[in-house]
Amino acid sequence: MNKENHINNNRKINYLRLSITDRCNLRCKYCMPEEGIDYLPHSEILRYEEMIHIVRLSVKRGIRKVRLTGGEPLVRKGCIDFIKQLGKIEGLDEVTLTTNGVLLKKYAADIKAGGVHRINVSLDSLRPDRFFQITGHDCFEQVWEGIQEAERQTFSPIKINVVAIRGVNDDEIADFARLTLEKPYHIRFIEVMPIGGQNSTLDNFIPVEEIHGIIQGLGDLKPIHRRNNLDGPAQRFVLEGGKGEIGMIGAMSSHFCDICNRLRLTAEGHIRSCLFSDHEIDIKTPLREGKGDDSLLELLDRAIEKKDNSQGVLRPGPRKCVRQMSSIGG
Ligand code: SAM
Ligand code: SF4
């Protein structure tokens, strides 16, 4: 029988974010530092079979949902076969994917056939020139076609993650929200976090209250309530007459540590209990040394126990995560 993890507030840690690579084909200004990052040597990145082993163990500890992320997960060779293997793990209810969409047109059918239940596409502008300014690559059309292809492949819902940044795309918040009137997309506005890239100050930060205020001006904005405990921390809304939804994730302004149900496995094989805490547990080394499952399960237990309600982004002090969004996976 699987061991369920009940922590304070009956919170179950049932969601694992798996960063399968630190490589990326875009250079979003808020994610990657301007000077670039040193990629991990290939030998330091978890092999697929190692990830499968760790996911199987984490299912024994109550994980029910795995999200593939990165870097850009679709740039890693063999990711479709890996997705198929994940889909066969007994006890895992959901496999989801977060992608920048650049390779989505090419892979959407395979991703669907591989058993991915839902996808999130990150897209911060609907204007090709601005997309280029934010990401350093002229790929807006490619991403947009990827989203259309995902729709054809009947992914539902398709979530579009928009990092809201003052002076960069705040004038498009209403355009993104209006998209939900025509399309069944779930647009999710995310507060920019002081991690990676050029956002070590909070000057460009837009709180979700402000985003809410802008969207409220477009029509009747009705709240939707959480359905199950695999739902994320987004506050969800629908505009009257809308086909899609609007979500707002106050990663900075709302303290949702007490409902956070996530563990993270970094591309280099470290378990992180909190995005904003540098405490990591190296599971790759003992795995490669041939330690048995009981020892590895102990490490997972320790990571789960390590989750508390007090870490949070605003905790003072220097932190490694400030430069590492692409290897942690968001
Ligand atoms: N490359 C994929 C993508 O962009 O969707 C997956 C990895 S990316 C690190 C995961 C998510 O983190 C994306 O939605 C991205 O917008 C978000 N992200 C990255 N840096 C961020 C930051 N500083 N603040 C808020 N969100 C950030
Ligand atoms: Fe790459 Fe995603 Fe980071 Fe953009 S947000 S640089 S697409 S990892």
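Since this is a predicted model, take the numbers as computed values, not measurements.
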- Message: How close do A234 and G247 get, counting heavy atoms only, and between which atoms?
- Response: CB-CA, 4.5 Å
- Item | S125 and E172: side chain donor to acceptor below 3.5 Å | yes
- Item | Atom CG of D129 with >12 non-hydrogen neighbours under 6.0 angstrom | yes
- Task: Indicate yes or no for a side-chain donor-acceptor contact from K29 to the backbone of G136 under 3.5 Å, with no hydrogens or angles considered.
- Result: no
- Query: side-chain hydrogen bond (donor to acceptor under 3.5 Å, both in side chains) with E72: which of N25, T98, T21, T99?
  - Reply: T99
- Query: What distance separates I160 CD1 from I187 CD1, expressed to the nearest 0.5 Å?
  - Reply: 4.0 Å
- Identify the two heavy atoms, one from F176 and one from F189, that lie closest to each other, and give their separation to 0.1 Å. CB-CZ, 3.7 Å
Donor-acceptor pairs under 3.5 angstrom involving side-chain atoms of residues 210-224: please list them, not counting sequence neighbours.
residue	atom	partner	partner atom	Å
E210	OE1	R166	NH2	2.9
E210	OE2	R166	NH1	2.9
D220	OD2	K222	NZ	3.1

- Task: Could you grab the distance from atom CG of L181 to atom CD of E240, nearest 0.5 Å is fine?
- Result: 10.5 Å
- Donor-acceptor contact present, side-chain D170 to main-chain G167, <3.5 Å: yes
- Decide yes or no on salt bridge (charged side-chain N to carboxylate O under 4.0 Å, His left out) for K105 and E145, but give the supporting numbers first. CA-CA 6 Å; K105 187 175 179 191; E145 285 173 18; 3.1 Å; yes
- Message: Under a 3.5 Å distance rule, please check whether S122 uses its side chain to pair with a backbone N or O of N161 as donor and acceptor.
- Response: no
- Sub-4.5 Å side-chain heavy-atom contact between V75 and C24: no
- Task: Flag the pair V163 / M193 as yes when at least one side-chain heavy-atom distance between them is below 4.5 Å, and no otherwise.
- Result: no
- Quick one: do F132 and W144 end up in the same hydrophobic cluster if we chain Ile, Leu, Val, Met, Phe, Trp and Tyr together by side-chain heavy atoms under 4.5 Å apart? no
- Query: If you take all heavy atoms of L86 and V66, which pair is closest and at what distance?
  - Reply: CD1-CG1, 4.3 Å
- Side chain R23, main chain L40, donor-acceptor under 3.5 Å: yes
- Charged N to carboxylate O under 4.0 angstrom, K284 versus E44? yes
- Item | Criterion salt bridge (charged side-chain N to carboxylate O under 4.0 Å, His left out) on E149 and K106, from CA distance to verdict | CA-CA 9 Å; E149 183 59 27; K106 182 173 170 194; over 6 Å; no
- Message: I'd like to know if K159 and E245 make a salt bridge, using a cut-off of under 4.0 Å between side-chain N and carboxylate O.
- Response: no
- Message: Could you check whether E305 pairs with R302 (Lys NZ or Arg NE/NH1/NH2 to Asp/Glu carboxylate O, under 4.0 Å)?
- Response: no
- Query: Is the closest basic N to carboxylate O distance between R127 and D171 below 4.0 Å?
  - Reply: yes
- Query: Between D124 and Y30, does any side-chain donor sit less than 3.5 Å from a side-chain acceptor?
  - Reply: yes
- Salt-bridged, D93 to K65, with N to O below 4.0 Å? no
- Note on the structure: Value for CG (D301) from CD1 (I13), rounded to nearest 0.5 Å, stands at 12.0 Å
- Task: Answer yes or no: is there a side-chain heavy-atom contact under 4.5 Å between F155 and I111?
- Result: yes
- Query: Got a second to check how far K88's NZ is from L92's CG, nearest 0.5 Å?
  - Reply: 13.5 Å
- Message: Rounded to the nearest 0.5 Å, what separates atom CG in L46 from atom CE in M51?
- Response: 5.5 Å
- Query: Say you draw a straight line from CG of L123 to CG of N120; how long is it, rounded to the nearest 0.5 Å?
  - Reply: 12.5 Å
- Message: Between T180 and A177 (side chain of the first, backbone of the second, donor and acceptor by atom type, cut-off under 3.5 Å), is there such a pair?
- Response: yes
- Under 3.5 Å, side chain of T135 to main-chain N/O of F131, donor-acceptor pair present? yes
- The side chain to side chain contact (heavy atoms under 4.5 Å, CB included) partners of P184 (sequence neighbours excluded) come to E151
- Query: Among I54, L16, I283, which residue meets the side chain to side chain contact (heavy atoms under 4.5 Å, CB included) test with I271?
  - Reply: I283
- List the atom of S19, the atom of G71, and the distance in Å for their closest heavy-atom pair. OG-N, 4.3 Å
- Message: With no hydrogens and no angle check, just 3.5 Å: does a side-chain donor-acceptor pair link R64 and Y15?
- Response: no
- Query: Heavy-atom distance under 4.5 Å between the side chains of Q148 and K183, does that happen here?
  - Reply: yes
- Grab the two heavy atoms, one from F205 and one from V192, that are nearest each other, plus how far apart they are. CD1-O, 3.7 Å
- Query: P128 and D138: which non-hydrogen atoms are nearest, and at how many Å?
  - Reply: O-OD1, 4.5 Å
- In terms of ring plane angle, is the pair F82 and Y48 parallel, tilted or perpendicular, where the classes change at 30° and 60°? parallel
